[in-house]
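What follows is a set of notes on a single structure, which appears directly below.
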Amino acid sequence: MTASAQKHDVFQAIADPTRREVLRLLAEKERPISEITSHFPMSRTAIAKHLQVLSEAELVSGRKVGREKIYRLQPEPLTELKQWLSYYEKFWANKLSILKHIVENPSENSLSVIKSEETDKK
């Protein structure tokens, strides 16, 4: 399979900030490519390429209405991303717990040392 024929996965599709913004716009409502393009400082062709990547990852679908193609979000493939990220949530939760402890118990940690050094300088 050639690189151009190879399908993009969800992770490749959301790697680009423009594509993430396109997904956000489509989460609000279905939109034609002309409306999507109006939100970006780039050409319609560039947006069409981004939509193609998103389509290959099955994150968006398009349907013809007259002369226009209307795009809509298909959020189901984002489940794969959510599952992958859920593994790392335990690290975030742990860091937040440590921060909470430090803030709530300044006498037990180095935070009080930093505060006293700042007070001494004044």
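- Between Y71 and L25 the shortest side-chain heavy-atom distance does not fall below 4.5 Å.
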R20 and I14: CA distance, side-chain angles, deciding distance, side-chain contact (heavy atoms from CB on, under 4.5 Å) verdict | CA-CA 6 Å; R20 291 193 302 269; I14 65 156; 4.2 Å; yes

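- Here E68 does not pair with R63 in a salt bridge; the nearest charged N to carboxylate O distance is not below 4.0 Å.
- With salt bridges taken as basic N to acidic carboxylate O contacts below 4.0 Å, one links R24 and E28.
- Both L23 and L81 are part of a single hydrophobic cluster, where members link through side-chain heavy atoms under 4.5 Å apart.
- In this structure the side chain of T79 never reaches within 4.5 angstrom of the side chain of V10, judged on heavy atoms.
- With hydrogens and angles disregarded, no donor-acceptor distance shorter than 3.5 Å links the side chain of R31 to the backbone of V22.
- The two residues L59 and A13 make their nearest non-hydrogen contact at CD1-CB, 3.7 Å.
- The minimum heavy-atom distance linking S55 with V60 is given by the pair OG-CG2, 3.4 Å.
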side-chain contact (heavy atoms from CB on, under 4.5 Å) assessment of L26 paired with I36 | CA-CA 8 Å; L26 294 176; I36 295 168; 3.9 Å; yes

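- Residues T18 and I47 are in side-chain contact: their nearest non-hydrogen atoms beyond the backbone lie under 4.5 Å apart.
- Note that NZ of K49 is 11.5 Å distant from CE of M42, once rounded to the nearest 0.5 Å.
- In terms of the side chain to side chain contact (heavy atoms under 4.5 Å, CB included) criterion, residue partners of I98 (sequence neighbours excluded) are, by chain and number, N94, I102.
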Test D16 against H50 for side-chain contact (heavy atoms from CB on, under 4.5 Å), laying out the working first.
-> CA-CA 9 Å; D16 185 275; H50 285 297; 3.4 Å; yes

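- Heavy atoms of other residues, nucleotides or ligands lying less than 6.0 angstrom from NZ of K82 number 12 at most.
- When atom types are taken as modelled, the side chain of R72 and the backbone of E30 share no donor-acceptor pair closer than 3.5 angstrom.
- Of the residues listed (E58, Q52, R19, E56), the one engaging H8 in a side chain to side chain donor-acceptor pair (under 3.5 Å) is E56, and it is the only one.
- In terms of the ring pair (Phe, Tyr, Trp, His ring centres under 6.0 Å) criterion, residue partners of F11 (sequence neighbours excluded) are, by chain and number, W84.
- Atom OG in S38 sits 11.0 Å away from atom CZ in R44 (nearest 0.5 Å).
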